[in-house]
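Here the structure is laid out as structure tokens; the discussion comes afterwards.
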Amino acid sequence: MTAEQPLIELQGVRKVYSTGRLEVEALRGIDLDVHRNEYVAIVGPSGSGKSTLMNILGCLDTPSAGRYTLGGETVGGLDRNRLAEIRNRHIGFVFQNFNLLPYASALENVELPLLFAGVSARERHERAAAMLERVDLANRMDHKPTELSGGQMQRVAIARALVNRPTILLADEPTGNLDSASGKAIVSLFEELHAAGQTIVLITHDAGIARLANRVVRVQDGTIVEDVRAAA
Amino acid sequence: MKTLLAELRLVLRLFQADVTHNRKRIALTVIAIGWGTLSIVMLLSFGEGLRRSFYTNTRGMGVGIAVVWPGATTRPWAGLPAGRNIQFTDEDAELLAARIPEIDGVSREYATRRGVTVGEKTINARVRGVDARFGAMRNITPQAGGRFLNERDIEEKRRVVVLGDELAQDLFGSQDVVGRTVQIQQSTFTVVGVAIPKTMMGMYSGPDKGQATIPATTYKSMWTDHKMSNLIYRPLTPELGDQAKAQIYRILGGRYRFDPDDLRALGVWDTRRNQQITDNIALGIQMFLGLIGALTLFVGGMGVANIMYAVVQERTREIGLKMALGAKARQVMAPFVVEALMMTAMGGLLGTFVSLTIITGIGLIPVQDDALAFLGKPTFSLPIAAATALILGSVGALAGFFPARHAAAVQPAVSLRYE
Ligand SMILES: Nc1ncnc2c1ncn2[C@@H]1O[C@H](COP(=O)(O)OP(=O)(O)OP(=O)(O)O)[C@@H](O)[C@H]1O
Ligand SMILES: [Mg+2]
């Protein structure tokens, strides 16, 4: 595993937010490697910089300093359209609040990344439908988000994140808005995905969930204070 | 643009969502665009009617003709003093026609006011003696069943007359009077034709509708003392007008011994100039009207842009999400542009429909009114449709583009922050 080139390489990554007079240093020099098929949980207190880290990993934001290499390509300095392409091909996002389009059906929501990738309508349809089956929502494809439960919405979101076969699945508190039963279902889905070879980076407050990952990274005040790999 | 097409369904759904959300605001904006379209179509159509009627009316006196009056010399020339009056003779007309190749035709015109009588009724009208070609040159068209003067009328000094439509109406109470007779100073004339009504924007010695036209030869035989009023001629092409005019000065100058550069010796009115100027003025008016219409439409476009900005604001989270899922700038922008275009198109259709209804309605009013004959009826045309569509399209595209650019500048990380 160590001989292989890491999928994600962060070197001395800093992120400074300037809000008027105030400057907040959300990340203060992060070094982190994530390899293929790792299942990493990022934990830490509120405001420690977890979401900021995830935004940078997901190319939604760029570091103020330091170097980020994703699959061998240095992300810094790329233009917006190239970043969009990277997000489309390599990143699947799952958010705490699902972020589904309310006026679109489950199927259409899942089709979105394929739409942006320029995939033909038929293939889009087939792949999105297959993905919804994969998350046990074959019978809810034409439902609008408002007609789904929280757990179902999050599964739609996961199907959407996976439909373009991303290199990394990034999830920020995916169970934060769910009751414990639905949350457990999501977590076991993640385990299945990981077992099938999916690389996952998961942010969570829940120590029980973090324990299921094969590596736990603890962030505090914008730095990594602990990085523990579970004995396999 | 494959993705744009694919996303159209989504855009339509979005538009539907917007409409239900902002029903009132969108309705008002569509009406504003409709109003702008209405004004641009109406103003352009009005301008088109005006232009066409100006075009016809400036040619009411004849197309591209010139009128020459005898004047008085202002310079001494060839030993003769200044201040001599020039007078035309019948030979002048023949000479000019024969010697100037740039001229298509010449007609004499003798004229004075005379009493024209039918029964008890006498009207003091301008009676003119002219040549046969005068009718075609001066755009005097006979009504059905009648004719203008012909060569034989001239040769045989016939007592025949062509009446202006108004003069016929006033004398007989009817315009269907071919074959009837009128008295012109104790002589009996047979009416051979009545001119069709026309509007004249340029004229000398009054409109044609009130005049009686007889052969020049007849005229001269009746009133021997009388001098020729003027000649009319038509240059072969409008471009030859200046050359023809110079030739006339040269030939008549040689004949009457005046300096060909003594412009006051003759009065020449080249109507081609007026026609060009009027054509340009009419075109200018139409463009000005179109500009006002375009500005009105522009204001409507601001309304659309305004709504689209608000929509972008409302959808920043959704925009951020699409970006996170890999939407490129144009994929983020396209829906907003399409949505603005849809709103503009709806307003445009509305406005065009109302305009065409109004234009058709005005078209049904019979033209009797002089003002309507002068200004013309609003006329819709293909270029107007094209211009309106072009302006609508650009207004819609701009009204969508700027808000869309705003959308493409959304920071996904910021817009997706959990609140
Ligand atoms: N866009 C921003 N502008 C200014 N400050 C920001 C911005 N985003 C985050 N911050 C600040 O950066 C720090 C880290 O925020 P971040 O959202 O990464 O924390 P977090 O670990 O995800 O917290 P939580 O567990 O509550 O989600 C916080 O102090 C936050 O206020
Ligand atoms: Mg967070």
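Worth knowing before you read on, the calculation uses all heavy atoms, side chains too, and leaves out hydrogens, waters and symmetry mates. Letters A, B, ... are given to chains in the order of the sequence lines, protein chains preceding strands, and every chain is numbered from 1.
Nearest heavy-atom pair, A:Leu101 versus B:Glu318, reported as atom, atom and distance to 0.1 Å: CD2-CG, 3.3 Å. Smallest separation of non-hydrogen atoms from A:Phe116 and B:Gly326: CB-O, 3.7 Å. Annotation for B:Ala327 and A:Ala84: closest pair O-CB, 3.5 Å, computed over non-hydrogen atoms. Residues B:Pro412 and A:Leu60 share a closest heavy-atom pair of CB-CD2, 3.6 Å. For the residue pair A:Asn99 and B:Leu321, the shortest heavy atom distance occurs at O-CD2, 3.0 Å. Nearest heavy-atom pair across A:Glu85 and B:Lys328 is OE2-NZ, 3.0 Å.
One distance of note links CG of B:Leu325 with CD1 of A:Ile91; it measures 12.0 Å at 0.5 Å rounding. We find the CZ-CG distance between B:Arg417 and A:Asp172 to be 11.0 Å, quoted to the nearest 0.5 Å.
With a 4.5 Å cut-off on side-chain heavy atoms, B:Arg317 and A:Asn97 count as touching.
Within 6.0 Å of the NE2 atom in A:His125, the count of heavy atoms belonging to other residues, nucleotides or ligands does not exceed 12. Within a 6.0 Å sphere centred on OH of B:Tyr309, other residues, nucleotides and ligands contribute more than 12 heavy atoms. Other residues, nucleotides and ligands place more than 12 heavy atoms under 6.0 Å from the CZ atom of A:Arg80. Heavy atoms of other residues, nucleotides or ligands lying less than 6.0 angstrom from OH of A:Tyr17 number more than 12.
Between the side chain of A:Asn81 and the main chain of B:Ala329, a donor-acceptor pair closer than 3.5 Å is present.
Only the side chain of A:Arg160 comes within contact range of chain B, judged by heavy atoms closer than 4.5 Å.
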